[in-house]
Amino acid sequence: MFDNLILGAQVALHWNNLLYAFAGVFIGNLIGVLPGIGAMAAISMLLPMTYGIPPVAALMMLAGIYYGTSFGGATTSILLNLPGTATHAVVCLDGNPMAKQGRGGQAIFMAMFASFVGVTVGIIIMAAASIPITELAFKFGPQEYFSLMVLALIAASVIGSGETLKGIASVILGLLIGVVGLDITTGTPRFDFGLISLQEGVSLVALAMGLFGISDVFTSAGNIGEGSADAGGKKITAKSVRPSGDDFRRSTLPIARGFGIGAFLGALPGTGGTLASFMSYSLEKKLSKHPEKFGTGEIEGVAGPESANSSASITAFIPTLTLGVPGDAVMALMLGALVIHDIIPGPNILANQPELFWGLIASFWIGNVLLMILNIPFISLWVRLLSVPYRLIFPVVLCLICLGVYSEKYSLFDVAVVGIIGGAGVLFAKIGMQPGPILLGFVLGPMLEENFRRSLVIARGSLMSFIERPISGVCLGICALILLWMGRDAIKRRRRPRPT
């Protein structure tokens, strides 16, 4: 493995390849700060530019854009409560409250540190265990994916800081929103209210921006003359934005658990960073001695999910490169880039294209080092944005939201949808329904339905196949235990005497 990594480092550190890697991470980081314009849009626009570039350099640049947008997306999620992608939505839950408490610099620094650790571990796992993880991924059929997603949704019901019953209601609402559009099997329109624009379903970017961005703007409208965070009158320096020793101590185990979750889920096609970040957050809340504090600015709620989604973003390349099976739309674009350069992904890529495979792996770490160098000096600059009065920052935020939503499909209808969802998000916040579970239910809903129906076709309508298959049965067993645990806690709360 070490010989292969040395070969990869030699390829990645060639001045030409290094230049393209730097261009990729710089462009990706710049685009990631713009809400809604994520890796998908950036890679789509820049893919034609790679036609005349050597394959290794082209893939290093595209990969740099991929994880560069992740770094930038965390910044807007923490400072402005604007998750450009679903992957960073869960970071808003504690990252943005930290920013409002004047700890935005610490949150961004910890997000970058956790992301770097997650990437480093993901690279080691990818280098050492690509083949074993690929063989494990082969054991996941429709039943296993369905059961894993059910487990994620049940875990998501405890993500928010409100009641568990409201968390379950939030997940169900997300599932219902995900049903809108064409039936995945028959192509029949569902719940489109006769609107052609809704036949493609509700836009993910519009939903995320509405639930987190627009609703936060409406909720904070009463603070129109104040700054967007309490700076405490302190001068912002490099030292003041660095997390304390206690922050690092509290974040150590969440980061470790996060990169473990991300490394596993990233290698499974169809899951990736979104599911990993939500499951990491849910796990940290369950393991915390003070789960009621989550959602109010806990550093663990930033460190764990960022480590998970960064690790998943690296191991997502495992099925793409070794099997030719892309895990999501971004990986499908990367697969297209391989085909454009006459590279056939699959098990033989390790033997036929070792320079490309190991050079790409080494470039992940080099690219993330470049991102750290680019971003850490600018943390204090980003934090200073929080001292800008709301009356100035709100119009900019609204313009960025509209630009991000419109740029996805160039649809004014989606711009109207984000406004409606934002208004509904204010209502949801008042009644205690959490945006995180809603978004995860929306993301996983179509995949849940697809794998459920596929499982029934394969098993000829038998529901027992979900229990008979070992991995699926274990996931459903864990779901049952979580539900029993939640039920026991609810009974205890009801029996607890009320204060007079």
Side-chain angles (χ1 to χ4, degrees), residues 129 132-159 164-165 167-179 183-186 190 257 260-272 274-283 285-287 308 312 315-316 318-319 323 325 327-328 437-438 440-491:
I133 291 178
T134 300
E135 292 174 354
L136 178 62
F138 266 126
K139 297 180 180 180
F140 272 70
Q143 289 90 345
E144 285 76 15
Y145 280 115
F146 171 81
S147 301
L148 181 65
M149 290 174 190
V150 170
L151 175 59
L153 291 173
I154 291 177
S157 64
V158 297
I159 282 178
T164 301
L165 187 60
I168 295 174
S170 300
V171 169
I172 293 174
L173 178 60
L175 290 172
L176 291 175
I177 297 173
V179 169
D183 185 284
I184 57 176
T185 302
T186 65
R190 301 184 298 188
R257 288 188 285 260
I261 292 171
F264 174 70
L265 292 178
L268 300 178
T271 53
T274 301
L275 181 58
S277 61
F278 275 89
M279 289 195 73
S280 172
Y281 188 93
S282 180
L283 178 63
K285 185 178 178 183
K286 271 296 179 188
L287 295 177
T315 56
I318 293 176
L323 295 178
V325 179
D328 54 26
I438 293 175
L440 186 62
F442 173 80
V443 171
L444 294 186
M447 292 187 288
L448 186 79
E449 179 187 4
E450 181 180 1
N451 283 288
F452 179 71
R453 295 171 77 167
R454 190 181 297 168
S455 300
L456 292 181
V457 170
I458 294 173
R460 298 182 179 180
S462 173
L463 294 174
M464 291 301 296
S465 64
F466 293 100
I467 301 174
E468 292 169 349
R469 296 174 68 95
I471 298 177
S472 176
V474 169
C475 289
L476 292 178
I478 296 173
C479 291
L481 291 175
I482 294 176
L483 290 174
L484 289 174
W485 189 3
M486 291 162 59
R488 187 198 65 175
D489 289 347
I491 292 172

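Here the structure is a predicted model, which means the values were calculated and not measured.
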Enquirer: With rounding to the nearest 0.5 angstrom, report the CG to CD1 distance, Leu175 to Ile438.
Expert: 11.0 Å
Enquirer: Partners of Leu481 by side-chain contact (heavy atoms from CB on, under 4.5 Å), sequence neighbours excluded?
Expert: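 side-chain contact (heavy atoms from CB on, under 4.5 Å) list for Leu481, sorted by chain: empty.
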Enquirer: Between CE of Met149 and CD1 of Ile154, what distance do you get to the nearest 0.5 Å?
Expert: 14.0 Å
Enquirer: What is the distance from atom CG of Leu265 to atom CG of Leu148, rounded to the nearest 0.5 Å?
Expert: 6.0 Å
Enquirer: Working to the nearest 0.5 Å, report the span between NZ of Lys286 and OH of Tyr281.
Expert: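 Spacing of NZ (Lys286) from OH (Tyr281) equals 13.0 Å.
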Enquirer: Residues two or more places apart in sequence or in another chain: which of them pass side-chain hydrogen bond (donor to acceptor under 3.5 Å, both in side chains) with Ser170?
Expert: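 Here no residue qualifies.
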Enquirer: Testing the basics here: between Ser147 and Leu476, what is the closest heavy-atom pair and its distance to 0.1 Å?
Expert: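 Closest approach of Ser147 to Leu476: OG-CG, 3.5 Å.
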Enquirer: For Ser455, which residues count as a side-chain hydrogen bond (donor to acceptor under 3.5 Å, both in side chains) partner, sequence neighbours excluded?
Expert: none
Enquirer: Would you give the length of the straight line joining atom CG of Leu151 to atom SG of Cys475, rounded to the nearest 0.5 angstrom?
Expert: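 So the gap between those two atoms works out to 5.5 Å.
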Enquirer: Among residues at least two apart in sequence or on other chains, which ones pass side-chain contact (heavy atoms from CB on, under 4.5 Å) with Val179?
Expert: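 Partners of Val179 by the side-chain contact (heavy atoms from CB on, under 4.5 Å) criterion, ordered by chain and then number, come out as Arg190, Phe191.
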Enquirer: Closest heavy-atom contact between Thr315 and Gly262?
Expert: OG1-O, 3.5 Å
Enquirer: First locate atom CG of Leu456, then atom CG of Asn451, and finally report the distance between them rounded to the nearest 0.5 Å.
Expert: 11.0 Å
Enquirer: Going by the rule salt bridge (charged side-chain N to carboxylate O under 4.0 Å, His left out), which residues pair with Glu468 if we only count those two or more places apart in sequence or in a different chain?
Expert: none
Enquirer: Give every donor-acceptor pair under 3.5 Å between a side-chain atom in residues 459-467 and any protein atom, sequence neighbours left out.
Expert:
residue: Ser462; atom: OG; partner: Met464; partner atom: N; Å: 3.3
residue: Ser465; atom: OG; partner: Gln143; partner atom: NE2; Å: 3.4
residue: Ser465; atom: OG; partner: Ser462; partner atom: O; Å: 3.2

Enquirer: Donor-acceptor pair, distance only, cut-off 3.5 Å: does the side chain of Glu449 make one with the backbone of Pro446?
Expert: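 Answer holds: no.
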